[in-house]
2 protein chains.
Amino acid sequence: MFQNAISIQAAPRGHAGGWSEDRQQHAASVLESLLLRWPPRVHRLEPRQALFHAGQPRHSLYYVRSGCFKTSVLSEDGREKITGFRMRGDLLGLDSVDMPAHACDALALDAAEVWELPCARLQDMLPEIQSRVTAMLAGEIRRDWRWMLAVGTLGADQRVVAFLLDLSARFATLGLDPALLQLRMTRAELGNFLSLTLETVTRALSRMQARGMIEVCGRRIRIVDEAGLRAVLAGEDARCH
Amino acid sequence: MFQNAISIQAAPRGHAGGWSEDRQQHAASVLESLLLRWPPRVHRLEPRQALFHAGQPRHSLYYVRSGCFKTSVLSEDGREKITGFRMRGDLLGLDSVDMPAHACDALALDAAEVWELPCARLQDMLPEIQSRVTAMLAGEIRRDWRWMLAVGTLGADQRVVAFLLDLSARFATLGLDPALLQLRMTRAELGNFLSLTLETVTRALSRMQARGMIEVCGRRIRIVDEAGLRAVLAGEDARCH
DNA sequence: CGAACCATTGATGAGGCTCAAAACTCGTGG
DNA sequence: CCACGAGTTTTGAGCCTCATCAATGGTTCG
């Protein structure tokens, strides 16, 4: 059951070399430059490949260098809940730093690259990244709380819009076009994260498209009218056309 | 708007003295003994008194010594989401350790006592409690995820039962009777936490009572048939009587 | 004793889930 | 190159759970 989820790849390329690829100073850059001071092990994953499963012994943290992951928890009777979608700059495995085993599943949604940070080595790096680990833990809590608020108080359309705007903002900080969203997850996964069914997600997207706020083409979504989306999110019943 | 939320009280009593009050070795004891090595400032709060509000400058962490708190986040347009109910052994303000201002509201639901841990002093205590802070942050994330799973996948009755069983387990670790739950929150607050309306909470409790699983008397709830509750939680449609 | 506040119960309706079917995408192999 | 099949997305129809609105009774506190 616990096959080796990842395959170890070549050592990281030269320390300055990794930098020149980047067009801009991303939010992720600060942490990355820190990590490059200790040569991290690099792993590449294929779409739908698991990085780790809940219950597996935890030896490392993983820094997401590229690609998109979903993290999820499972109940005893098999119900799944996706707790987040992780992209460049995120740390996987943080939620169980204090435990010997992972507390969630991490699955690559597309081709991805992660840098492994063995716990043993993590001790050496302290306290330089200790405060950053703490900050990322606290940040995860605040992010979770905001989604709990959204899921608990917003309607279906509003939740979907909130997701699109959130993703757009994350794209912006990563130097990507915030108006052109390339989703890496299925409607079912999106619905699971938002506590909706896949049909409801689809219908919400169709409604937004009918209002001319977005253009939907499968998993490619273009934001046409961000202000309109924000109005929907704010609850203003758009009477358009 | 930002009145002084708390009133400073007398210095803590002697270090060994605080211990003799405890009948048993609680889960909370380990952290408490640690904190007592630095004399913490003690604050007492009255029911419905705020410990801090979101946005207020953050100078300290607060250890809950007694009483019950609710922590909540607010959206721009006034929607509230209760993120948890905190009891003895919990730390308030952890979610914003990396920030200059609080990220949530903390409100005492009954008479409560907290120990203040100023950030300045926190530096001295490191690294002795550093690992504990990290563990509590990660633990909060896992707890949030489990509730996101419950709220996202369970029906109304199941959510209420999950809450009762969770509270019962917490009572047990605190040395209280796990079958006799004294709720400190209103039905509306409970519903908010579970993403239900207060009426739905009431009805769920009434149904469980009708099935003979609990006895409800206002905020006093006695668990009569824990196995039955677990069956409801597991989704087994109880066809009783 | 009155005034809030809280809890309970009922009636009604809407939002979203379930079930079902069809169109579409994509990788595989004939 | 096209056909096939699995997985995904879209759309429709009907139903069910839970939110909403409303009324009553209980409790606490000034």
Side-chain angles (χ1 to χ4, degrees), chain A residues 46-49 70 79-82 107 109-111 150-164 181-211 214-221 232 235 237, chain B residues 46-49 70 79-82 107 109-111 150-164 181-211 214-221 232 235 237:
Chain A
E46 315 201 338
R48 296 284 140 185
Q49 189 181 356
K70 74 168 183 182
R79 289 169 290 118
E80 182 190 21
K81 176 69 183 187
I82 295 175
L107 188 96
L109 296 179
D110 58 351
V151 167
T153 62
L154 298 179
D157 286 10
Q158 294 174 304
R159 292 185 213 177
V160 173
V161 168
F163 178 84
L164 294 179
L181 307 180
Q182 176 65 259
L183 303 190
R184 303 263 110 111
M185 70 291 296
T186 68
R187 298 286 191 265
E189 288 167 332
L190 189 37
N192 181 297
F193 177 65
L194 297 174
S195 288
L196 298 171
T197 59
L198 65 135
E199 295 96 328
T200 301
V201 172
T202 288
R203 275 187 254 267
L205 289 173
S206 297
R207 276 190 289 267
M208 296 305 116
Q209 187 174 33
R211 291 183 183 180
I214 59 176
E215 287 170 9
V216 181
C217 180
R219 297 193 188 171
R220 186 156 232 114
I221 296 180
V232 171
D237 246 4
Chain B
E46 314 202 338
R48 295 284 138 186
Q49 190 181 355
K70 74 168 183 182
R79 289 169 290 117
E80 181 191 22
K81 175 71 182 184
I82 294 175
L107 189 96
L109 296 179
D110 58 351
V151 168
T153 62
L154 298 179
D157 286 9
Q158 294 175 304
R159 291 185 214 176
V160 172
V161 167
F163 178 84
L164 294 179
L181 307 180
Q182 176 65 260
L183 303 190
R184 302 263 109 111
M185 69 292 294
T186 69
R187 299 286 191 266
E189 287 166 332
L190 189 37
N192 180 296
F193 178 66
L194 297 174
S195 289
L196 298 170
T197 59
L198 66 139
E199 295 96 328
T200 301
V201 172
T202 288
R203 275 188 254 269
L205 289 174
S206 297
R207 275 191 289 267
M208 294 307 116
Q209 188 174 34
R211 291 183 184 181
I214 59 176
E215 288 169 10
V216 181
C217 181
R219 296 193 189 171
R220 186 156 230 114
I221 296 180
V232 171
D237 245 4

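Here is the naming used below: chain letters follow the sequence lines, and residue numbers restart at 1 for every chain.
Each of C/dT9, C/dG16, D/dT10 was ranked by its minimum atom distance to the side chain of A/Thr200; first place goes to C/dG16. Closest to the side chain of B/Arg219, from the set C/dC17, C/dA7, D/dA19, is C/dA7. Side chain of A/Leu198, nearest nucleotide from D/dT10, C/dA7, C/dT9: D/dT10. Side-chain proximity of A/Glu199 to D/dT20, C/dG16, C/dC19: nearest is C/dC19. Closest to the side chain of B/Leu196, from the set C/dA20, D/dA19, C/dT9, is D/dA19. For B/Thr202, counting side-chain heavy atoms from C-beta on, the closest listed nucleotide (D/dT10, C/dT9, C/dC19) is C/dT9.
In this structure, A/Ile221 atom CD1 and D/dT9 atom C1' are separated by 12 Å, rounded to whole Å. Residue A/Glu215 contributes atom CD, which lies 19 Å from atom P of D/dT9 at whole-angstrom precision. Note: CG (B/Leu183) to P (C/dA7) measures 9 Å, nearest angstrom. We find that CE of B/Met185 is positioned 17 Å from C1' of C/dC5, with the value rounded to whole Å. Taking atom CD on B/Gln158 and atom P on D/dT17, their separation rounds to 12 Å, with Å as the unit. Following rounding to the nearest Å, A/Asn192 (CG) and D/dT8 (P) show an atom-to-atom distance of 14 Å. Distance CZ (A/Arg207) to C1' (D/dT10): 13 Å, rounded to an integer number of Å. Atom CD in A/Gln209 sits about 14 Å away from atom P in D/dT9, given to the nearest Å.
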Q.
Quick one, B/Glu189 with B/Arg219, criterion salt bridge (Lys or Arg N to Asp or Glu O under 4.0 Å). Give me CA distance, side-chain angles, the key distance, then yes/no.
A. CA-CA 12 Å; B/Glu189 287 166 332; B/Arg219 296 193 189 171; 6.0 Å; no
Q | salt bridge (Lys or Arg N to Asp or Glu O under 4.0 Å) assessment of B/Glu80 paired with B/Lys70 | A | CA-CA 12 Å; B/Glu80 181 191 22; B/Lys70 74 168 183 182; 3.4 Å; yes
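Checking side-chain atoms of B/Asn192 against main-chain N and O of B/Ile82 turns up a donor-acceptor pair under 3.5 Å. Side-chain atoms of A/Arg187 never come within 3.5 Å of backbone atoms of A/Val201 as a donor-acceptor pair (strictly under, hydrogens ignored).
Considering every non-hydrogen atom in both B/Met185 and B/Phe163, the closest pair reads CE-CZ, 3.9 Å.
Within the 4.0 angstrom heavy-atom criterion, base atoms lie near B/Arg203. Across all strands, B/Thr186 comes closer than 4.0 Å only to sugar-phosphate atoms, never to a base (heavy-atom distances). No engagement by B/Val201 is indicated, since no non-hydrogen atom pair under 4.0 Å with the nucleic acid exists.
The base of C/dC6 has none of its N or O atoms less than 3.5 Å from a complementary donor or acceptor on the side chain of B/Glu189.
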